[in-house]
Amino acid sequence: MAKRVYEVWKGSNKFIFGGRLIFGPDAISLPFTISLIVVPVVIFCVFVARHLRHKFASYDAGYAILAVAIAFTIYVLVLLLLTSGRDPGIVPRASHPPEEEFSYDTSVAMEPGGRQTPSLQFPRSKEVIVNGQPVKVKYCDTCMVYRPPRCSHCSICDNCVERFDHHCPYVGQCIGQRNYRYFLLFVSSATLLCIYVFAMSAWYIKFLMDEDYPTVWKAMRHSPASVALMIYCFITLWFVGGLTGFHLYLITSNQTTYENLRYKLDNRPNVYDRGCMHNFREVFCTKIKPSRNNFRAYVQEEVTRPQSISRSRETEHESDSNPRSKVEDDLELGGDLLRISQRRNFVSVDEQIVGNSSHGMQSVISESELFPVSDAHISSRGRSSNWEISSDVLSTSAIVNESSVATRKESH
């Protein structure tokens, strides 16, 4: 039974729901990230938002605090799933290296036997033009493809990812061309959620101070959950808020996290920056490209490829640069034809002797017993592409033929 692509996938990804969702190998951290979001919100709804329902009598506005917290949490979780459960822009692997890029260097020294072996040259990088400027792209030995511009190989997922930004362990997935927008929306929404929970918890402390608990200390002792939520949101805000600010800065200059670190080290110019407004439109307003992988498709068996180009070219170089091996193949071929002609002559001589014999003696000798032809000699014909035999070989074959026939007559 034919298997699907996700069942024979060579990367380190994990698939669920029949290949409909793809995660990184560290997707085990995803439940931990979800718990960091859900648990504080549940505490907030039970110990804070529930008590704020009746603080706004007009139009029951207090219920909106609880509804906003739940809706915002669901929105953040959906963005998390869109970030971690989709193809980030994986470049499909090739089944063999690009043979059109092969080249042969014939300027090598001759071997002691007189044979010249050309060395195979394969460029490890090449240049492409991006926005009118040359950009060097590298060859990936694992995926056997030249990486597109802004593409890099993730050592964790073991895939080449287009517009590779980084591998995020908290979402368990690479951040690339097809999920960068959702990642940025996720961290920015998580930042807003932290601000919202922090503000509502502080507001509840103020309500307690205005009623039965006049001091901050008494209000905090009455609602320790609010204090814990404020501390947690303050610490988390430094992380997700700082990450949001950093990526907003990267968008203004149209850089990825990987490029930002590499350009600083190499002092290279950024050829992708096309202005702040255009950079923001590229991230938020352009259509996301479809995935280049159909993980649910059935794997098609590859047709057996003929002898590789490299091997055939190497054989041509060897046959052209070494005339001695060519002569040896011709001599072996001449020997095969000589044996065939000998068998035919002996069969005709046997028929004449049988017809002229007065005693009715029959001499039946099988061809295979006289001169067995081995498979090695037959297969040796394929090693030479030239079937012309020199005149010396043919003359030698004729002389041996005549002497063999005379000897055979005398023996009979």
Side-chain angles (χ1 to χ4, degrees), residues 1-42 70-94 140 142-143 145 147-148 150-191 193 240 243-244 247 256-258 283-284 286-300:
M1 183 177 179
K3 294 184 177 180
R4 298 184 185 269
V5 173
Y6 75 91
E7 295 177 333
V8 296
W9 187 253
K10 295 182 180 179
S12 303
N13 303 92
K14 296 180 179 179
F15 298 86
I16 62 174
F17 299 128
R20 292 178 176 86
L21 296 179
I22 173 175
F23 298 91
D26 50 353
I28 191 64
S29 62
L30 194 58
F32 174 73
T33 304
I34 295 175
S35 65
L36 292 178
I37 300 172
V38 173
V39 172
V41 173
V42 171
I70 296 175
F72 215 156
T73 303
I74 295 175
Y75 175 68
V76 172
L77 293 178
V78 170
L79 291 174
L80 176 60
L81 181 62
L82 291 174
T83 303
S84 60
R86 66 186 292 135
D87 178 9
I90 299 174
V91 178
R93 299 192 182 196
C140 179
T142 304
C143 301
V145 295
R147 300 169 187 164
R150 313 190 79 177
C151 175
S152 183
H153 190 89
C154 176
S155 59
I156 300 176
C157 294
D158 198 20
N159 295 313
C160 280
V161 180
E162 291 184 284
R163 201 186 184 277
F164 177 78
D165 189 271
H166 68 287
H167 183 92
C168 182
Y170 294 98
V171 302
Q173 182 64 282
C174 287
I175 308 302
Q177 185 179 46
R178 299 190 68 251
N179 64 349
Y180 180 76
R181 179 185 304 176
Y182 298 111
F183 172 76
L184 183 59
L185 291 175
F186 164 69
V187 294
S188 59
S189 301
T191 302
L193 182 60
V240 293
L243 195 61
T244 302
H247 279 279
T256 64
T257 303
Y258 178 77
V283 174
F284 293 103
T286 57
K287 185 178 180 180
I288 298 178
K289 295 181 179 180
S291 175
R292 300 173 63 178
N293 303 277
N294 186 3
F295 300 108
R296 289 182 51 78
Y298 288 100
V299 178
Q300 298 180 357

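If you read the sequence from its start, that first residue is 1, and numbering goes on from there. The structure displayed is predicted, hence computed values, not measured ones.
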Q. Got a sec, which residues hit ring-ring contact (aromatic ring centres under 6.0 Å, His included) with Phe164, two or more places apart in sequence or on another chain?
A. none
Q: Spell out, as yes or no, whether a donor-acceptor pair under 3.5 Å connects the side chain of Thr33 to the backbone of Tyr170.
A: yes
**Q.** For the student: nearest non-hydrogen atoms of Val76 and Ala190, plus distance
**A.** CG2-N, 4.2 Å
Q.
Donor-acceptor check, side chain of Asp87 to backbone of Gly89, threshold 3.5 angstrom: yes or no?
A. yes
Q | Pairs satisfying salt bridge (Lys or Arg N to Asp or Glu O under 4.0 Å), at least one member in residues 13-30, at least two apart | A | none
Q: Check step by step if side-chain contact (heavy atoms from CB on, under 4.5 Å) holds for Val91 and Cys151.
A: CA-CA 9 Å; Val91 178; Cys151 175; 3.9 Å; yes
Q. Rounded to the nearest 0.5 Å, how far apart are CG of Asn293 and CG of Asn13?
A. 9.5 Å
Q: Take atom CZ of Phe32 as the centre, draw a 6.0 Å sphere, and report whether it contains more than 12 heavy atoms from other residues, nucleotides or ligands.
A: no
Q: Verify, without hydrogens or angle tests, whether Glu7 (side chain) and Val299 (backbone) share a donor-acceptor contact under 3.5 angstrom.
A: no
(Q) My understanding is that only residues two or more places apart in sequence, or in another chain, count here; which of them pass ring-ring contact (aromatic ring centres under 6.0 Å, His included) with Tyr6? (A) Phe15
Q. According to the salt bridge (Lys or Arg N to Asp or Glu O under 4.0 Å) rule, which pairs have a member within residues 152-161, sequence neighbours left out?
A. Arg93-Asp158
Q.
Please report the interatomic distance CD1(Ile90) to SG(Cys143), rounded to the nearest 0.5 Å.
A. 9.0 Å
Q. Short question: side chain of Arg86, backbone of Arg178 - any donor-acceptor pair under 3.5 Å?
A. yes
Q. With Tyr182, which of Ile175, Leu82, Leu80, Val171 fulfils side-chain contact (heavy atoms from CB on, under 4.5 Å)?
A. Leu82
(Q) If we ignore hydrogens and angles and just use 3.5 Å, is the side chain of Ser188 paired with the main-chain N or O of Thr244 as donor and acceptor? (A) no
(Q) So does Gly18 get a backbone contact from the side chain of Arg296, meaning a donor-acceptor N/O pair under 3.5 Å? (A) yes
Q | Point-to-point distance, once rounded to the nearest 0.5 Å, from OG of Ser152 to NE2 of His167 | A | 13.0 Å
Q.
Quick check on the 6.0 Å ring-centre criterion: do His166 and Phe183 meet it?
A. yes
(Q) For the CD1 atom of Ile37 and the OG1 atom of Thr73, what is their distance to the nearest 0.5 Å? (A) 8.0 Å
Q: Verify the neighbour count for atom CZ of Phe23: are there more than 12 heavy atoms of other residues, nucleotides or ligands below 6.0 Å?
A: yes
Q) With distance as the sole test, does Asn179 use its side chain to make a donor-acceptor pair with the main-chain N or O of Cys174 at under 3.5 Å? A) yes
Q: Determine, step by step, whether Val41 and Leu193 satisfy the side-chain contact (heavy atoms from CB on, under 4.5 Å) criterion, reporting the C-alpha distance in whole Å, the side-chain angles of both residues, the deciding distance to 0.1 Å, and the verdict.
A: CA-CA 9 Å; Val41 173; Leu193 182 60; 4.1 Å; yes
(Q) Would you compute the distance between atom NE2 of His247 and atom CG of Leu184 and round it to the nearest 0.5 angstrom? (A) 7.5 Å
Q.
For Ile16, is the CD1 atom crowded, meaning more than 12 foreign heavy atoms sit under 6.0 Å from it?
A. yes
Q | Pairwise salt bridge (Lys or Arg N to Asp or Glu O under 4.0 Å) hits with a residue in residues 159-174, at least two apart | A | Glu162-Arg292
Q.
Just verifying a value: how many Å separate Arg181 CZ and Leu79 CG, rounded to the nearest 0.5 Å?
A. 12.0 Å
Q: Taking the side chain as every heavy atom from C-beta outward, state whether Gln177 and Pro88 have any atom pair closer than 4.5 Å.
A: no
Q. Is Asn159 reaching over with its side chain to a backbone N or O of Cys157, donor-acceptor style, under 3.5 angstrom?
A. yes
Q: Could you pull out all residues at least two apart from His153 that satisfy ring-ring contact (aromatic ring centres under 6.0 Å, His included)?
A: none
